[in-house]
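Have a look at the structure below before the remarks.
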Amino acid sequence: MSNTSKGSGIIVDHLIAEKVPFLFGLCGHGIVGLMDAARDRQDRIRTVSVHNEQIAGFAADAYYRVTGQPAATFTSCGPGSINIQMAIANAMFDSSAVFAITGNIPTQQFNKGPFQELVHHHQADFVTAMRPYVKRSFQATRADMLPTMMRQAYTAMLAGRPGPVHLDVPFNVFEETAAHEPARPHGQRLDYRAAVPPGAMARVLDLLGQAERPLILAGHGCLVGRAGQALHEASKALNVPVATTPQGKGILDDANPLYLGPTGRDGGYPGNRAARGCDVLLAVGTRFGDRGTSSWAEGVTHGARTRIVHIDIDPNVLGRNFDTELGLVADASSFFEQLADAVRARPLPDSQARRDWLSATAKWRALWQEALGPGRGSDATPIHPGRVVAELAGVVPRDAVVLSDIGQHHSWMVQQWPVRDPGRFLQSGGSATMGFGVGGAIGAQFAAPDRKVVAVVGDGGMLMHASAVATAAEYGLPIVWVVWNNKGYVSIRDLQKGFFGKDREFATRFRDRGTEGDLFSTDYAVLAQAMGAHGVRVERPGDLAEQVRCALARDKPTVLDVRVDADAHRYTAGAWDMPPLTGPRPDFDPDPQP
């Protein structure tokens, strides 16, 4: 039996049928038709109004990362939708499923150049503007096109490598009616997983069985594919150590004796040392990007003599950056489940070489932890970054969702934050978008209302996106933002010093009179209070843990303005080059033989 509905109702009813729980967005004249339909259905889908469109995108992105359930965004034509592009691009880089809905001008006004029409190359051309940042962009010029587009968009969003999709809707299409069949849950009836053929798994076991120094490298695809438990079971059955890419951090418990930590520029010593020393590398869910491979520099993170078995849901990344012995298309969870079953049926041979390899990786873990000890115990002020991470780790609950924004603090968090449960550490890895940690905390708290949410953010990113605090206050979200206040864009300052010389800092610190005066800082505690949250400045290392405890106990959002040493030395075991410039090489390598 068919129904007749407005286009706006068709859209919202399809979202409800797919169990999309939230619409994150910001009002505008081009999107009020959709908002009116959402008002009538607010008992079945919740609308969250933010103060910056990017916050809506970051919130929907984080919601998916925590729950595995997509959320939707809504923005108006013109600058409203242009503003969400950054957040949608961030979701695309990190394989996060977001359903982005944008309003546009009425079709009756196409090509007339009305208010906010992008008309230079094609009428109402926001589809072209969004195309680089989504898996698929749709534009509905009639209401009867919407049921098919909603179904196709949902499939495109989740099939294969997940990612955002875009639906652009002219204003009149929200208001026009069409006959249609009742919305049915489409995506929930489809299984998007992919497994490897049995013969291929035998080849994987052959290569692992020949190895004397095998290593598993788990990338961000393992997190996207919810493969934590399957990876744990497979690595345990194989008795093979595991490193992660920086984006894969958090897929295994840091306390797992087989886990060696992340690789690459922001990685630690155990992961980098094992990656360059292994003879067979089983890489799953990674595209071998520059950040995790030390810009592909020979012998820093990976070595030319390593035989690589590469598994990914996206066939386009197989063999892209390294010669591959075997490349297979599969999602991470299905692959590791198959691998664990296969190795139980056919155990790998034990050898003295394998036992020596495990002993070596344990030694590298111990050397690395010993090296980090002085920073973690430092009583210096401003507070040593290692002490900040250690104090947070001592009081933040194990099941908390922790987000890291982008800045110098991100390098410290990737390198040293101890993640205990899969999916509890969220970061912007592919795009490195400042603001994801600030605004993503909104979506993370809606996704996990019974858990604590802590966002570690730089002072630069916080100042860009501070309106998220007002949204948290309005919705009663007890998020804790830890502002890593080092008075500047210090990660870029560090690059200036590394590439051009120690005295070449310019326009990367916050100063009176721009580039010339004394260092300057916004008072983030006072800023938080002005927006209805609690705010505290923390200047002494001994005060931080208690202030975090108090913040976690409150039922309102809290901003901790933590004054952090911008110049503390961070040990590096990886590298990052920007050709033709070569960055600094590792300064921690106590066991340098490959």
(message) side-chain contact (heavy atoms from CB on, under 4.5 Å) for L392 and W417? Distances and angles first, verdict last.
(response) CA-CA 9 Å; L392 292 173; W417 179 254; 3.6 Å; yes
Smallest separation among heavy atoms of [X] and [Y], with atom names:
X: P385; Y: A568; answer: CD-CB, 3.4 Å
X: P586; Y: V300; answer: CG-CG1, 3.9 Å
X: L339; Y: A234; answer: CD2-CB, 4.2 Å
X: A455; Y: G437; answer: CB-O, 3.5 Å

[X] [atom1]: over 12 foreign heavy atoms closer than 6.0 Å:
X: F93; atom1: CZ; value: no
X: Q352; atom1: CD; value: yes
X: D350; atom1: CG; value: yes

Would you check if there is a donor-acceptor pair between the side chains of [Y] and [X] at a distance under 3.5 Å?
X: S95; Y: R161; result: yes
X: D290; Y: W576; result: yes
X: Q210; Y: D206; result: no
X: Q369; Y: R376; result: yes
X: H232; Y: D253; result: no
X: Y259; Y: D254; result: no

Would you check if [X] and [Y] make a side-chain contact, meaning some heavy-atom pair closer than 4.5 Å?
X: V388; Y: W412; value: no
X: Q427; Y: V414; value: yes
X: I88; Y: Q85; value: no
X: I308; Y: D323; value: no
X: L282; Y: L217; value: no
X: T293; Y: R265; value: no
X: I311; Y: L326; value: no
X: L215; Y: V280; value: no

[atom1] of [X] to [atom2] of [Y]: how many Å apart, nearest 0.5 Å?
X: N321; Y: H302; atom1: CG; atom2: NE2; answer: 10.0 Å
X: S428; Y: L403; atom1: OG; atom2: CG; answer: 11.0 Å
X: L167; Y: I101; atom1: CG; atom2: CD1; answer: 6.0 Å
X: R213; Y: L281; atom1: CZ; atom2: CG; answer: 12.0 Å
X: L328; Y: F335; atom1: CG; atom2: CZ; answer: 7.0 Å
X: L252; Y: L231; atom1: CG; atom2: CG; answer: 4.0 Å

Are the side chain of [X] and the backbone of [Y] linked by a donor-acceptor contact shorter than 3.5 Å?
X: N90; Y: S431; answer: no
X: S404; Y: M413; answer: no
X: S351; Y: R354; answer: yes
X: Q445; Y: A448; answer: yes
X: Q54; Y: M86; answer: no
X: T286; Y: F288; answer: yes
X: D405; Y: G458; answer: no
X: R585; Y: G583; answer: yes
X: K135; Y: A159; answer: yes
X: T67; Y: Q69; answer: yes

If you measure from the Lys or Arg side-chain nitrogens to the Asp or Glu carboxylate oxygens, is any gap between [X] and [Y] under 4.0 Å?
X: K363; Y: D591; answer: yes
X: R346; Y: D341; answer: no
X: E325; Y: R203; answer: no
X: R451; Y: D421; answer: no
X: R287; Y: D312; answer: no
X: D331; Y: R193; answer: no
X: R65; Y: D94; answer: yes
X: D399; Y: K452; answer: no
X: R291; Y: D266; answer: yes

Over 60° means perpendicular and under 30° means parallel, so classify the ring planes of [Y] and [X], tilted if in between.
X: H569; Y: Y571; result: perpendicular
X: W364; Y: W357; result: perpendicular
X: H409; Y: W484; result: tilted

(message) Taking the six-membered ring of Y154 as reference, does the cationic atom of R151 (NZ for Lys, CZ for Arg) lie under 6.0 Å from its centre and within 45° of its axis?
(response) no
(message) Please report whether the ring centroid of F58 lies less than 6.0 Å from that of H465.
(response) yes
(request) Could you tell me whether F22 and Y63 have their ring centroids closer than 6.0 angstrom? (result) yes
(request) From the options N239, I216, V240, select the one residue that forms a side chain to side chain contact (heavy atoms under 4.5 Å, CB included) with L258. (result) N239
(request) From the options M130, M92, M157, select the one residue that forms a side chain to side chain contact (heavy atoms under 4.5 Å, CB included) with P164. (result)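 Only one of M130, M92, M157 forms a side chain to side chain contact (heavy atoms under 4.5 Å, CB included) with P164, namely M92.
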(request) Under the side-chain hydrogen bond (donor to acceptor under 3.5 Å, both in side chains) rule, what do R131 and S137 come out as? Steps first, then yes or no, please. (result) CA-CA 6 Å; R131 188 178 297 164; S137 191; over 6 Å; no
(request) Check the pair T301 / N272 against side-chain hydrogen bond (donor to acceptor under 3.5 Å, both in side chains), numbers first and verdict last. (result) CA-CA 5 Å; T301 294; N272 278 298; 2.6 Å; yes
(request) Decide yes or no on side-chain contact (heavy atoms from CB on, under 4.5 Å) for F446 and V66, but give the supporting numbers first. (result) CA-CA 10 Å; F446 278 118; V66 174; over 6 Å; no
(message) Does R355 form a salt bridge (Lys or Arg N to Asp or Glu O under 4.0 Å) with E212? I'd like the steps, not just the answer.
(response) CA-CA 9 Å; R355 290 192 290 272; E212 294 183 345; over 6 Å; no
